[in-house]
Amino acid sequence: MAVPPLTPTGPGALPGHPDKPALREMLRARRAALFEGLGEQSALREAEATADRLLPHIPPQAIVALYFKIQDEIDPQPLIERLHARGQRLALPHLTDRTTMYFRAWAPGDPLQRAVFKLRQPLATAAEVAPDIIVTPLLGFDRQGGRIGQGASHYDRAFSRFPGARRLGYAWSVQEVEAVPHDPWDIPLHAIATEREWIVVPAQ
């Protein structure tokens with residue numbers, strides 16, 4: 001099903017909470033230190049454990065939006081492989097510029113192209129889809145479903161555009177904080193998967 005793009009208009013484009021930039025820097029440093037300490041092989045094993053933790057919570061008929069990791073994010077590739085193996089319909093973000101994002105159908109083996117921010121994404125000819133589940137990268141999270149990302153508001157707008165989609169965070173456990181600073185337009189996650197546990201957010 002074709003859907004409109006996620007554009008920078010609306011509340012997601014407003015200036016954010018003043019405490020968020022400093023928190024982002026702290027969380028980037030924390031995540032980098034963990035990844036360096038683990039090494040690539042241990043990081044992959046932890047990513048596989050995280051995929052196994054999340055997989056039972058994804059219905060087989062759901063369209064699942066995922067992403068490719070950047071830098072020292074926990075790698076969703078094992079989750080992508082497990083979902084593809086059971087025949088799941090998948091999608092990836094597709095950026096047309098620095099502020100406009102679609103979700104487009106994709107499966108392992110389909111062609112990819114380079115986008116802004118050096119991201120890999122489906123071709124512009126791939127079908128647009130409305131995901132049932134959005135697995136989202138994080139810089140930080142709390143147990144109330146608060147999430148902090150890179151600051152471009154792509155996923156804030158995606159959550160607003162697809163309010164019926166289940167919002168699942170994917171992160172290292174060290175990215176947890178007591179409370180993420182809250183902006184009026186923030187939409188909480190439903191659950192978070194880490195290498196250590198599956199965290200269900202209490203009903204709002």
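Index from 1, following the sequence.
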Identify the two heavy atoms, one from [X] and one from [Y], that lie closest to each other, and give their separation to 0.1 Å.
{"X": "Arg53", "Y": "Glu195", "answer": "NH2-O, 2.8 Å"}
{"X": "Gly146", "Y": "Leu189", "answer": "O-CD1, 4.5 Å"}
{"X": "Gln113", "Y": "Ala124", "answer": "OE1-N, 4.1 Å"}
{"X": "Ala105", "Y": "Val129", "answer": "CB-CG1, 4.0 Å"}
{"X": "Arg167", "Y": "Pro188", "answer": "NE-O, 2.6 Å"}
{"X": "Ala91", "Y": "Phe103", "answer": "CB-CB, 4.4 Å"}

For the pair [X] and [Y], find out whether any cationic side-chain nitrogen is under 4.0 Å from an anionic carboxylate oxygen.
{"X": "Arg143", "Y": "Glu197", "answer": "yes"}
{"X": "Asp186", "Y": "Lys20", "answer": "yes"}
{"X": "Arg89", "Y": "Asp132", "answer": "no"}

| Any luck finding a side-chain donor-acceptor pair between Arg45 and Ser42 under 3.5 Å? |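 Ser42 and Arg45 do have a side-chain donor-acceptor pair below 3.5 Å.
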
| request: Go through the side-chain N and O atoms of Arg147 and Thr136 and say whether any donor and acceptor fall under 3.5 Å apart. | output: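 On atom types as modelled, these side chains qualify, holding a pair under 3.5 Å.
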
Is the shortest heavy-atom distance from the side chain of [X] to the side chain of [Y] under 4.5 Å?
{"X": "Val201", "Y": "Ile192", "answer": "yes"}
{"X": "Tyr155", "Y": "Ile134", "answer": "yes"}
{"X": "Pro122", "Y": "Tyr102", "answer": "no"}
{"X": "Arg120", "Y": "Arg114", "answer": "yes"}
{"X": "Arg104", "Y": "Leu92", "answer": "no"}
{"X": "His190", "Y": "Val200", "answer": "no"}
{"X": "Glu46", "Y": "Arg196", "answer": "no"}
{"X": "Pro78", "Y": "Thr50", "answer": "no"}

Looking only at atom types and distance, does a side-chain atom of [X] sit under 3.5 Å from a main-chain N or O of [Y], one as donor and one as acceptor?
{"X": "Arg161", "Y": "Arg157", "result": "no"}
{"X": "Gln175", "Y": "Leu138", "result": "yes"}
{"X": "Asp52", "Y": "Ala49", "result": "no"}
{"X": "Asp72", "Y": "Phe35", "result": "no"}
{"X": "Tyr170", "Y": "Ala51", "result": "yes"}
{"X": "Glu73", "Y": "Ala171", "result": "no"}
{"X": "Glu25", "Y": "Ala22", "result": "no"}
{"X": "Arg30", "Y": "Val174", "result": "yes"}

| field | Derivation and outcome, side-chain contact (heavy atoms from CB on, under 4.5 Å), residues Ile148 and Arg24 | value | CA-CA 8 Å; Ile148 184 168; Arg24 285 188 180 98; 3.6 Å; yes

How many angstroms lie between atom [atom1] of [X] and atom [atom2] of [Y], to the nearest 0.5 angstrom?
{"X": "His94", "Y": "Glu128", "atom1": "NE2", "atom2": "CD", "value": "9.0 Å"}
{"X": "Ile63", "Y": "Phe162", "atom1": "CD1", "atom2": "CZ", "value": "10.0 Å"}
{"X": "Asp19", "Y": "Met26", "atom1": "CG", "atom2": "CE", "value": "11.0 Å"}
{"X": "Trp172", "Y": "Leu38", "atom1": "CH2", "atom2": "CG", "value": "5.0 Å"}
{"X": "Glu81", "Y": "Arg86", "atom1": "CD", "atom2": "CZ", "value": "14.5 Å"}
{"X": "Leu23", "Y": "Leu139", "atom1": "CG", "atom2": "CG", "value": "8.0 Å"}

| request: List the steps and the verdict of side-chain contact (heavy atoms from CB on, under 4.5 Å) for Gln121 and Leu95. | output: CA-CA 8 Å; Gln121 65 181 24; Leu95 298 176; 3.8 Å; yes

| request: Show your working on salt bridge (Lys or Arg N to Asp or Glu O under 4.0 Å) between Asp75 and Lys69 and close with a plain yes or no. | output: CA-CA 5 Å; Asp75 195 347; Lys69 88 177 194 82; 5.5 Å; no

| task | Classify the ring geometry between His57 and Trp198 as parallel (under 30°), tilted (30 to 60°) or perpendicular (over 60°). | result | parallel

| request: Would you indicate whether Gln61, at its atom CD, is surrounded by more than 12 heavy atoms from other residues, nucleotides or ligands within a distance under 6.0 Å? | output: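 Buried by this count: over 12 neighbours within 6.0 Å.
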
| field | Output field: ring centroids Phe68/Trp106 closer than 6.0 Å | value | yes

| message | In this structure, would Ile74 and Leu44 fall into the same cluster of hydrophobic residues linked by side-chain contacts under 4.5 Å? | response | no

| Path from Leu123 to Leu119 over hydrophobic side-chain contacts below 4.5 Å |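 No: no chain of side-chain contacts under 4.5 Å links Leu123 to Leu119.
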
| field | Residues Leu90, Ile80; criterion side-chain contact (heavy atoms from CB on, under 4.5 Å); working and verdict | value | CA-CA 8 Å; Leu90 306 178; Ile80 292 171; 4.2 Å; yes

| task | Kindly determine whether Val135 and Val64 satisfy side-chain contact (heavy atoms from CB on, under 4.5 Å), including the steps that lead there. | result | CA-CA 7 Å; Val135 179; Val64 185; 3.9 Å; yes

